[in-house]
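This report concerns only the one structure given below.
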Amino acid sequence: MVDSAEQAAAMVAAVRYPPRGVRGVGPSMARAAQWNRVGGYLNSADEQVALVCQVETVLGVESAAAIAAVDGVDAVFVGPSDLAASMGHIGQPQHPDVQRAVNDAITAVCATGTAAGVFAASVGGARAHAAAGATMIAVGTDIALFAKATTQLAAHLAG
């Protein structure tokens, strides 16, 4: 949950090794280094890391372009559910004001040349966000898909 360019810059530093950042050096503990089995990992890690900042508040949406413009931010992902709560529409991520704010953030991020992402609750929502410029779109959730499948299975077995 990133609300400002300053927070985004702190995230950039957190995922980079010194001298470009403040990430702790522990290749034997790093999954990406395959527990110290990847030769040269410490010297190439900064180029292999992708940082996606998540914008989930009114302040984050207002700062979306500034967050996206921070050197080292690879993408900005908009979270509609927490944004809805931040806007006073808790539990209503499809509220027209929330969806307008989501698309405003996507537009602002894309204008910087940074990739924009979002969660969509439906295929129609995914298409609308794609039309707004989002290139990373999560559709559905594993839990919802699992719940639907198990409900259907139980109904099939019961009848």
Side-chain angles (χ1 to χ4, degrees), residues 1-122 125-142:
M1 187 178 287
V2 177
D3 287 330
S4 68
E6 293 78 17
Q7 287 179 339
M11 297 297 102
V12 171
V15 301
R16 303 251 186 295
Y17 287 121
R20 295 174 57 200
V22 296
R23 180 178 174 187
V25 178
S28 65
M29 301 299 288
R31 181 176 298 142
Q34 295 181 9
W35 298 274
N36 215 21
R37 290 185 218 139
V38 175
Y41 175 76
L42 293 175
N43 294 316
S44 64
D46 289 355
E47 287 71 39
Q48 296 178 35
V49 171
L51 175 63
V52 180
C53 292
Q54 192 152 330
V55 168
E56 303 176 277
T57 65
V58 171
L59 181 57
V61 168
E62 292 170 355
S63 304
I67 292 166
V70 171
D71 185 34
V73 171
D74 297 296
V76 175
F77 193 92
V78 184
S81 292
D82 285 318
L83 177 58
S86 172
M87 295 176 71
H89 300 295
I90 194 164
Q92 301 175 63
Q94 299 307 313
H95 189 283
D97 292 342
V98 176
Q99 289 300 302
R100 196 168 15 263
V102 167
N103 286 332
D104 288 349
I106 290 169
T107 299
V109 169
C110 290
T112 70
T114 300
V118 65
F119 172 79
S122 67
R127 288 186 177 129
H129 294 313
T135 56
M136 299 183 333
I137 304 170
V139 183
T141 64
D142 54 351

>> Could you measure the distance from the CD atom of Glu47 to the CZ atom of Arg16? Nearest 0.5 Å is fine.
In response: 7.5 Å

> Got a second to check how far Leu83's CG is from Gln54's CD, nearest 0.5 Å?
Replying inline: 10.5 Å

> Under 3.5 Å, side chain of Ser86 to main-chain N/O of Asp82, donor-acceptor pair present?
Replying inline: no

>> Given 3.5 Å as the limit, does a donor-acceptor pair link the side chain of Gln99 with the main chain of Pro93, or not?
In response: yes

> For the atom pair CG (Asp97) and CD (Gln92), what is the distance rounded to the nearest 0.5 Å?
Replying inline: 10.0 Å

>> To the nearest 0.5 Å, what is the distance between NE2 on His129 and OG on Ser122?
In response: 8.0 Å

> In Å, rounded to the nearest 0.5 Å, how long is the span from CD1 of Ile137 to CZ of Arg127?
Replying inline: 10.5 Å

>> Main chain of Ala66, side chain of Ser63: is a donor-acceptor contact present, judged purely on distance under 3.5 Å?
In response: no

> With under 30° as parallel and over 60° as perpendicular, where do the rings of His95 and His89 fit, or are they tilted in between?
Replying inline: parallel

> Taking all non-hydrogen atoms of both residues, which atom of Tyr17 and which atom of Ala45 are closest, and how far apart?
Replying inline: CE1-CB, 3.5 Å

> Are the side chain of Asp74 and the backbone N or O of Leu51 linked by a donor-acceptor pair below 3.5 Å?
Replying inline: yes

> Is the number of heavy atoms from other residues, nucleotides or ligands under 6.0 Å of Ile90 CD1 greater than 12?
Replying inline: no

>> What I'd like to find out is whether the side chain of Val12 reaches to under 4.5 Å of the side chain of Asp71, using heavy atoms alone.
In response: no

>> So if I apply the side-chain contact (heavy atoms from CB on, under 4.5 Å) rule between Val76 and each of Val55, Thr112, Ile106, Val70, which one comes out positive?
In response: Val55

>> Give me the atom names and distance for the closest heavy-atom approach of Ala68 to Val109.
In response: CB-CG1, 4.0 Å

